[in-house]
K.L.:
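Structure below; questions to follow.
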Amino acid sequence: MLKGKTAVVTGASKGIGKAIAIALAKEGCNIVLNYHSMVSDSTIKEIENLGVKCMPVQGDVADFAFAAQFIKDIKKEFTTLDILVNNAGITRDMLLMRMSEKQFDEVINTNLKGTFNMMRHASSLMIKQRSGAIINMASVVGITGNVGQANYAASKAGIIGLTKSAAKELAQRGITCNAIAPGFVETDMTDVLALETKQEILKAIPLKRAGSVYDIANAAVFLAKNTYITGQVLNVDGGMVM
Ligand code: NAP
């Protein structure tokens, strides 16, 4: 069903993004793999060994001009852009009363503006095609809020609003737009948390385990395949938020 489609995954050098890129490649998608600082040759080889093309593109999703050029390059290489996964994200945790302007701006610029930038340019191409699936990486903290993450939670809540608005605007052109809200997933992003914090989080998960990157990748493939789900936030969180 996804065979031969073009899928763009931002922040795909590691963690959840890498797992999504590989899962979509397994479905037969050609992959445009965005990364920020570096990507290993073995990641690109792993994707190519699945019999699909892999186009690695370095760049900062927070840069509006980069996003515009990125989408132009994809059109030139593949003609169509069928699946856009806005996964790139960062944290700069700090209590609100101590949070610097820089910590706030960096998180909003990468997570929220980065998602806007990519959607803004990709949607014009998808509108001309009259098809496409956009999947944005939110978080359960965008729904619940979280101590020390005012910047991050605001960015993820913003992504949910952006997703629902775009879903309404783009539905008439056959484009779906959904968000995934992961709970606690074991990646480099969460590896920095103190052991006690991790244990506290685990206690709050009804399924009593952290999520794996494959749990999130499976949800992304499901949303990419389903053309009758739009404007939804799919919590993939072991039951953390019900
Ligand atoms: P991760 O392991 O830290 O990976 C983040 C990826 O985003 C990296 O490839 C990183 O590249 C890239 N990135 C960062 N800034 C970027 C930029 N400006 N432009 C392009 N790429 C950029 O994190 P993860 O845990 O896989 O998280 C992936 C997404 O899931 C994020 O949006 C995160 O907020 C969300 N999420 C994660 C969890 C969790 O528990 N892990 C929970 C809820 C939501 P560099 O390393 O080169 O900077």
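When a residue number appears, it is its place in the shown sequence, counting from 1. Counting starts at 1 for both ligands and their atoms, in listed order.
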K.L.:
If you measure from each non-hydrogen atom of V61 to ligand 1, which part falls under 4.0 Å: side chain, backbone, both or neither?
P.N.:
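Both of them.
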K.L.:
Please report which non-hydrogen protein atom sits nearest to atom 34 (O) of ligand 1, along with the residue it belongs to and the distance in Å to one decimal place.
P.N.:
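Heavy-atom neighbour on the protein nearest atom 34 (O) of ligand 1: Y152 OH, 2.5 Å.
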K.L.:
For N136 and T163, test the side chains for any donor-to-acceptor distance below 3.5 angstrom and give the result as yes or no.
P.N.:
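Distance-only check passes for N136 and T163.
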K.L.:
Would you mind checking which non-hydrogen protein atom is closest to atom 23 (O) of ligand 1, with the distance to 0.1 Å?
P.N.:
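Answer, as residue, atom name and distance: M189 CB, 3.6 Å.
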K.L.:
Suppose I only count heavy atoms of F184 and a 4.0 Å limit; which atoms of ligand 1 are within that range?
P.N.:
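Ligand 1 atoms under the 4.0 Å threshold to F184: 40 (O).
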K.L.:
Check ligand 1 against S13 and write out every atom of the ligand that is under 4.0 Å from a heavy-atom position of the residue.
P.N.:
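The atoms of ligand 1 under 4.0 Å from a heavy atom of S13 are 8 (C), 9 (O), 11 (O).
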K.L.:
Is ligand 1 under 4.0 Å from a heavy atom in the side chain of I90, in the backbone, in both, or in neither?
P.N.:
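The part of I90 near ligand 1 is the side chain, not the backbone.
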K.L.:
Regarding D215 and R209, does a basic nitrogen lie under 4.0 Å from an acidic carboxylate oxygen?
P.N.:
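Yes, this pair counts.
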K.L.:
Please state which protein non-hydrogen atom is closest to atom 5 (C) of ligand 1 and give its distance, to 0.1 Å?
P.N.:
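The closest one turns out to be G89 O, 3.8 Å.
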K.L.:
Calculate, to the nearest 0.5 Å, the distance between atoms CE and CD1 belonging to M137 and I16 respectively.
P.N.:
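Rounded to the nearest 0.5 Å, the CE-CD1 separation comes to 6.0 Å.
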K.L.:
With a cut-off of 4.0 Å, which atoms of ligand 1 are near a heavy atom of N87?
P.N.:
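So the answer, numbered in order with elements, is 28 (C), 29 (C), 30 (O), 31 (C), 32 (O).
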K.L.:
Taking 4.0 angstrom as the limit and counting only heavy atoms of G59, give me the atoms of ligand 1 inside it, by number and element.
P.N.:
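Those atoms are 19 (N), 20 (C).
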K.L.:
Report the part of A138 in contact with ligand 1, treating N, CA, C, O as backbone and CB onward as side chain, heavy atoms under 4.0 Å; options are side chain, backbone, both, neither.
P.N.:
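It is the backbone that touches ligand 1; the side chain stays farther off.
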K.L.:
Measure K156 to ligand 1 on non-hydrogen atoms and call it side chain, backbone, both or neither using the 4.0 Å cut-off.
P.N.:
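The part of K156 near ligand 1 is the side chain, not the backbone.
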K.L.:
How long is the straight-line distance from CD of E46 back to CD1 of I31, given to the nearest 0.5 Å?
P.N.:
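One gets 11.5 Å once the value is rounded to the nearest 0.5 Å.
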K.L.:
Which residue and atom name correspond to the protein heavy atom nearest atom 26 (O) of ligand 1, and how close is it?
P.N.:
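The protein heavy atom lying closest is I16 N, 2.8 Å.
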K.L.:
So which bit of D60 gets within less than 4.0 Å of ligand 1, heavy atoms only: side chain, backbone, both or neither?
P.N.:
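Near ligand 1, D60 shows its backbone as well as its side chain.
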K.L.:
For the pair E27 and K5, find out whether any cationic side-chain nitrogen is under 4.0 Å from an anionic carboxylate oxygen.
P.N.:
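K5 and E27: not salt-bridged.
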K.L.:
Under the rule for salt bridge (Lys or Arg N to Asp or Glu O under 4.0 Å), what residues qualify as partners of D82, not counting sequence neighbours?
P.N.:
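Result, salt bridge (Lys or Arg N to Asp or Glu O under 4.0 Å) vs D82: none returned.
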K.L.:
What protein heavy atom sits nearest atom 46 (O) of ligand 1, and how far off is it?
P.N.:
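Closest protein heavy atom to atom 46 (O) of ligand 1: K14 CE, 3.4 Å.
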K.L.:
Sub-3.5 Å donor-acceptor pair from the side chain of T197 to the main-chain atoms of L193, do we have one?
P.N.:
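Such a contact is absent between T197 side chain and L193 backbone.
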K.L.:
Any nitrogen or oxygen of S139 lying under 3.5 Å from a nitrogen or oxygen in ligand 1? Just yes or no.
P.N.:
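No, S139 has no N/O under 3.5 Å of an N/O on ligand 1.
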K.L.:
Do we see a donor-acceptor contact under 3.5 Å between the side chains of Q232 and N178?
P.N.:
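Judged by distance alone, the side chains do not pair up.
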K.L.:
Check each heavy atom of T190 against ligand 1 and say whether those closer than 4.0 Å belong to the side chain, the backbone, both or neither.
P.N.:
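Side chain only; the backbone of T190 stays clear of ligand 1.
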K.L.:
Of L84, V8, N117, L125, which is the lone residue that meets side-chain contact (heavy atoms from CB on, under 4.5 Å) with I71?
P.N.:
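Only one option passes, and that is L125.
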K.L.:
Do me a favour and list the nearest non-hydrogen protein atom to atom 6 (C) of ligand 1 with residue, atom name and distance?
P.N.:
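Going atom by atom, the protein heavy atom closest to atom 6 (C) of ligand 1 ends up being G11 O, 3.5 Å.
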K.L.:
Would you call G183 a ligand 1 contact, heavy-atom distance under 4.0 Å?
P.N.:
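Heavy atoms of G183 do come under 4.0 Å of ligand 1.
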K.L.:
Between V213 and ligand 1, which residue portion shows a heavy-atom distance shorter than 4.0 Å: side chain, backbone, both, or neither?
P.N.:
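The answer is neither.
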K.L.:
Is D191 salt-bridged to K198, going by a charged N under 4.0 Å from an acidic O?
P.N.:
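Salt bridge between D191 and K198, a charged N being under 4.0 Å from a carboxylate O: yes.
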K.L.:
Side chains of N111 and S155: any donor to acceptor distance under 3.5 Å?
P.N.:
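Yes - a donor-acceptor pair under 3.5 Å links their side chains.
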K.L.:
Nearest heavy atom to atom 22 (C) of ligand 1: which of K113, E186, H36 does it belong to?
P.N.:
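The option holding the nearest heavy atom is H36.
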K.L.:
Picking from V32, N30, T6, what satisfies side-chain contact (heavy atoms from CB on, under 4.5 Å) with K53?
P.N.:
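Only one option passes, and that is N30.
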K.L.:
For N34, take its heavy atoms, then give the atoms of ligand 1 lying under 4.0 Å from any of them.
P.N.:
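Taking each heavy atom of N34 in turn, ligand 1 has 20 (C), 21 (N) under 4.0 Å.
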